[in-house]
Amino acid sequence: MSSPKRVCIVGSGNWGSAIAKIVGTNARNNPKFDSTVNMWVFEETVNGRKLTEVINTDHENVKYLPGHKLPENVVAVPDLLDAAKSADILLFVIPHQFIGRICDTMKGNIKQDALGMSLIKGVDEGPDGLKLISEVIHEKLGIKMSVLMGANIANEVADEKFCETTIGCRDQTEGALLKELMQTDHFRVTVVQEADVVEICGALKSLEELEKEMLNGQKLQGPATAAEVHKILKNKGVLDRFPLFNAVYQICYEGRPVTEFIHCLQNHPEHQ
């Protein structure tokens, strides 16, 4: 059997800390993973103490996920490179506006065969137009990327309420490994190979069911993003290169049924 995989969580906010609870527990109980999980923490002072010291002593992120104990094998590391350089699996959970800077720091200082997984919602608008966050990370670091996206709320995941999520991973073996790292009895994971579809759906949250359930039919913030994206793509004359965005837009604004989303994908050459 190959040596246990080392895991690093890049980020330690609300969502990062909720994920650390899951990943720490799974890594400790599964011989495929090294039991120590590094979590990169942007150092700050909380009540006169360093946040890393609080996490490593009291095993609680008192600032971003108060009231939840983190597994003791999750180690807060204030230096990004110390946290990430020996990792075989890198989980990215930071606000999307910091991703460029973080990747620039990591570039050339991580394992080139590391697997990356983005848990970051949103798209990056750079000089070349819109890019998915996983694309940005892949281009900057050159590592293979997967994504984890769901309509998950960090506190519900930390409270161990039943939640479902999706991992998009092009490689089935890697997908299965990531599922073992992430899945618990209350956090159910489905793995699909269309990573870009998963990420776009995550970025746009245009999930009709949620809207009906939680907002009595009011619109979530997601579809507004779809409109903005559509406008940018249309202005640049590249709509035909982004059939997924186009499909989401049509569902949100032109009354196209959600079931047709699947047809849009099937008719797209990339997914043949």
Side-chain angles (χ1 to χ4, degrees), residues 1-13 15-42 52 55-56 70-94 98-120 132-149 165-184 187 189-193 195-196 198-199:
M1 188 175 150
S2 57
S3 57
K5 306 276 184 213
R6 289 169 172 244
V7 181
C8 170
I9 302 169
V10 180
S12 57
W15 186 217
S17 299
I19 287 301
K21 236 184 119 167
I22 289 176
V23 169
T25 305
N26 283 348
R28 188 175 53 199
N29 297 328
N30 186 330
K32 289 184 185 174
F33 305 105
D34 190 293
S35 62
T36 300
V37 172
N38 282 354
M39 177 166 75
W40 174 61
V41 175
F42 181 79
T52 51
I55 293 172
N56 290 334
L70 299 179
E72 296 191 5
N73 56 313
V74 173
V75 178
V77 182
D79 182 277
L80 176 58
L81 294 186
D82 282 350
K85 65 186 175 198
S86 62
D88 301 295
I89 298 173
L90 291 157
L91 306 177
F92 294 87
V93 237
I94 50 170
F98 301 130
I99 199 66
R101 227 181 314 162
I102 294 297
C103 288
D104 289 341
T105 304
M106 292 169 73
K107 194 175 180 173
N109 296 303
I110 55 166
K111 289 187 173 182
Q112 273 312 287
D113 60 352
L115 294 180
M117 184 158 71
S118 169
L119 290 79
I120 303 167
L132 296 172
I133 302 294
S134 64
E135 283 185 292
V136 174
I137 300 172
H138 171 70
E139 284 175 15
K140 285 188 177 278
L141 299 182
I143 58 173
K144 282 202 267 192
M145 287 300 298
S146 300
V147 296
L148 182 145
M149 294 284 152
T165 198
T166 305
I167 288 177
C169 181
R170 289 175 185 85
D171 181 295
Q172 280 178 310
T173 311
E174 290 166 4
L177 182 70
L178 292 168
K179 178 171 179 167
E180 283 191 53
L181 182 63
M182 303 308 301
Q183 178 156 279
T184 69
F187 192 64
V189 175
T190 304
V191 181
V192 300
Q193 286 182 286
D196 49 354
V198 172
E199 189 166 5

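Residues: numbered from 1 along the sequence shown.
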For this session: Under the side-chain contact (heavy atoms from CB on, under 4.5 Å) rule, what do L141 and F92 come out as? Steps first, then yes or no, please.
Result: CA-CA 12 Å; L141 299 182; F92 294 87; 3.9 Å; yes
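- Applying the side-chain contact (heavy atoms from CB on, under 4.5 Å) test between L181 and each of V23, I167, I19, I22 identifies V23 as the sole match.
- When atom types are taken as modelled, the side chain of K32 and the backbone of L177 share no donor-acceptor pair closer than 3.5 angstrom.
- More than 12 heavy-atom neighbours from other residues, nucleotides or ligands sit within 6.0 angstrom of CD on Q112.
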Problem set entry | Chi angles and distances behind the side-chain contact (heavy atoms from CB on, under 4.5 Å) call for K85, I110 | CA-CA 4 Å; K85 65 186 175 198; I110 55 166; 5.5 Å; no
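- Atom CD1 of I133 and atom SG of C103 lie 9.5 Å apart (nearest 0.5 Å).
- Taken from CD in E180 to CG in N29, the straight-line distance is 12.0 Å, to the nearest 0.5 Å.
- Smallest separation of non-hydrogen atoms from A84 and M106: CB-CE, 4.0 Å.
- Using a 4.5 Å cut-off on side-chain heavy atoms (C-beta onward), M117 and L91 make contact.
- Between L90 and A114 the shortest heavy-atom distance is CD1-CB, 4.2 Å.
- Distance alone, capped at 3.5 Å, is enough to place a donor-acceptor pair between the N56 side chain and the T52 backbone.
- Exactly one residue among K111, K144, R6 makes a salt bridge (charged side-chain N to carboxylate O under 4.0 Å, His left out) with D88. That residue is K111.
- With S17 contributing its side chain and S12 its backbone, the two residues share a donor-acceptor pair below 3.5 Å.
- Across every non-hydrogen atom of P71 and R28, the tightest pair is CB-NH1, 3.8 Å.
- For V74 against A20, the heavy-atom pair with the smallest separation is CG2-O, 3.6 Å.
- The environment of K5 atom NZ is sparse: at most 12 non-hydrogen atoms of other residues, nucleotides or ligands sit within 6.0 angstrom.
- A pairwise comparison of heavy atoms in I137 and S118 identifies CD1-CB, 4.3 Å as the closest pair.
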Exercise. Would S146 and L178 count as a side-chain contact (heavy atoms from CB on, under 4.5 Å) if you check the C-alpha gap in whole Å, the side-chain angles of each, and the deciding distance to 0.1 Å?
Worked result: CA-CA 9 Å; S146 300; L178 292 168; 3.7 Å; yes
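- For the pair S35 (side chain) and A27 (backbone), a donor-acceptor distance under 3.5 Å is absent.
- Between the side chain of N109 and the backbone N or O of K107 there is at least one donor-acceptor pair closer than 3.5 Å.
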For this session: Walk me through it: do F42 and I94 pass the test side-chain contact (heavy atoms from CB on, under 4.5 Å)?
Result: CA-CA 10 Å; F42 181 79; I94 50 170; over 6 Å; no
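- Rounding to the nearest 0.5 Å gives a distance of 8.0 Å between CG of D171 and CD of Q193.
- Of the candidates L148, I9, I120, V10, I9 is the only one forming a side-chain contact (heavy atoms from CB on, under 4.5 Å) with V93.
- In terms of modelled atom types and a separation under 3.5 Å, the side chain of N73 and the main chain of G24 share a donor-acceptor contact.
- The minimum heavy-atom distance between N26 and F33, with the atom names listed, is O-CD1, 4.5 Å.
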